[in-house]
S.K.: 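Input: one structure, supplied below.
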Amino acid sequence: MAWSAACANNGGGVVLVPTMGRFLVLPLLLQGPCNGSIQLQIDGDLLASPDKAYAFGYYWLKISRVNDLAIYGVGRLVGRGQSAWPYNTCSTGASCNTLPISESRVQIKDVKYEDIRGTSSIQAAVTFNCSQVVPCQGIVLQNINLAFNGTASSTSICQNVKGSAFGPQLPPPCF
């Protein structure tokens, strides 16, 4: 409800996940278009469900069709890590690391990912699979630390994306 209200507000709004809060998130879609810029301030923890009944689809938190979005805060996105991996619908084969190039006309631009830390169940910890028709632009990675919980190092995959990286980067950026 907070997302819908902020998204509908002319001039935009802020959605706050409060400090000292732990919030269970079932598969959640934060969708636009919105009527102005919108901010998602995550100061508490957003938790994926540990119940395998909610391990459907490819996400537990998805942001779609939103322009002028800023995500920041000191909170955490807790995807349940290793306890959720047996329910991942992606096999450990090459199909997890290589996605088909999209003919979508949806563009992602001017998005900053900052101070993201955690582990990945697949080696490609960072993946940008952007449209050939309207590539991703202005992507900024700053202080990223996503380790692969396997025997190799984490990697990144980029298709049709232009961006820049600042500060420590794990995995190394692919643009």
S.K.: Grab the two heavy atoms, one from Pro135 and one from Asn160, that are nearest each other, plus how far apart they are.
M.R.: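 Result for this residue pair: CB-O, 3.2 Å.
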S.K.: Out of curiosity, Gln41 CD to Leu16 CG, how far, rounded to the nearest 0.5 Å?
M.R.: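 Output value for this atom pair is 5.0 Å.
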S.K.: For the residue pair Gln39 / Tyr72, report whether a side-chain donor-acceptor contact shorter than 3.5 Å exists.
M.R.: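 There is such a pair (donor and acceptor under 3.5 Å, judged by atom type) between the side chains of Tyr72 and Gln39.
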S.K.: Return the minimal non-hydrogen interatomic distance between Ile139 and Cys136, and the atom names on each side.
M.R.: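 In terms of heavy atoms, the two residues are closest at CG1-CB, 4.1 Å.
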S.K.: Begin from the C-alpha positions of Phe175 and Leu141 and carry the test side chain to side chain contact (heavy atoms under 4.5 Å, CB included) through to its verdict.
M.R.: CA-CA 10 Å; Phe175 45 79; Leu141 301 177; 3.7 Å; yes
S.K.: How many angstroms lie between atom CG of Asp43 and atom CE of Met20, to the nearest 0.5 angstrom?
M.R.: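 Output value for this atom pair is 12.0 Å.
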S.K.: Let me confirm one number: the CG-CG distance from Asp110 to Asn67, rounded to the nearest 0.5 Å.
M.R.: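 The CG atom of Asn67 is 9.5 Å from CG of Asp110, to the nearest 0.5 Å.
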S.K.: Treating Gln123 as the side-chain partner and Ser153 as the backbone partner, does any N or O pair qualify as donor plus acceptor under 3.5 Å?
M.R.: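 Pair found, side chain donor or acceptor close to backbone of Ser153.
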S.K.: Looking at every heavy atom in both Ser154 and Phe148, which two are closest together, and how far apart are they?
M.R.: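 In this case the closest contact between Ser154 and Phe148 is CB-N, 3.6 Å.
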S.K.: Applying side chain to side chain contact (heavy atoms under 4.5 Å, CB included), can you list everything that pairs with Ser156, at least two apart in sequence or on another chain?
M.R.: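 Here the qualifying residues are Val126, Pro171, Cys174.
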S.K.: Of all the heavy-atom pairs spanning Val15 and Ala2, show the shortest one and how long it is.
M.R.: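 Scanning both residues completely, I find the closest heavy atoms to be CG2-O, 3.7 Å.
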S.K.: Would you give the length of the straight line joining atom CD1 of Ile71 to atom CD1 of Ile42, rounded to the nearest 0.5 angstrom?
M.R.: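 Reported value, rounded in 0.5 Å steps: 6.0 Å.
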S.K.: Kindly compute the distance separating NZ (Lys162) from SG (Cys130), expressed to the nearest 0.5 Å.
M.R.: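 With rounding to 0.5 Å, NZ (Lys162) is 11.5 Å from SG (Cys130).
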S.K.: Run Asp68 and Ile38 through side chain to side chain contact (heavy atoms under 4.5 Å, CB included) and show every step you take.
M.R.: CA-CA 6 Å; Asp68 297 322; Ile38 192 164; over 6 Å; no
S.K.: CG of Leu28 to CG of Leu46: how many Å apart, nearest 0.5 Å?
M.R.: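 Answer rounded to 0.5 Å: 8.0 Å.
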S.K.: Is a side-chain donor or acceptor of Asn35 paired with a backbone partner of Ala8 at a separation under 3.5 angstrom?
M.R.: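 Between the backbone of Ala8 and the side chain of Asn35 there is a qualifying donor-acceptor contact (under 3.5 Å).
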S.K.: Does Asn145 reach the main-chain N or O of Leu170 with its side chain, forming a donor-acceptor pair under 3.5 Å?
M.R.: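 No; judged by distance alone, with no hydrogens or angles, the pair does not exist.
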S.K.: Minimum heavy-atom separation for Arg65 to Pro33, with atom names?
M.R.: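 Looking at all heavy atoms of both residues, the closest pair is NH2-CD, 2.9 Å.
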S.K.: Specify the closest pair of heavy atoms between Leu30 and Val66, including all atoms of both residues, with the distance to one decimal.
M.R.: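 The answer is O-CG2, 4.0 Å.
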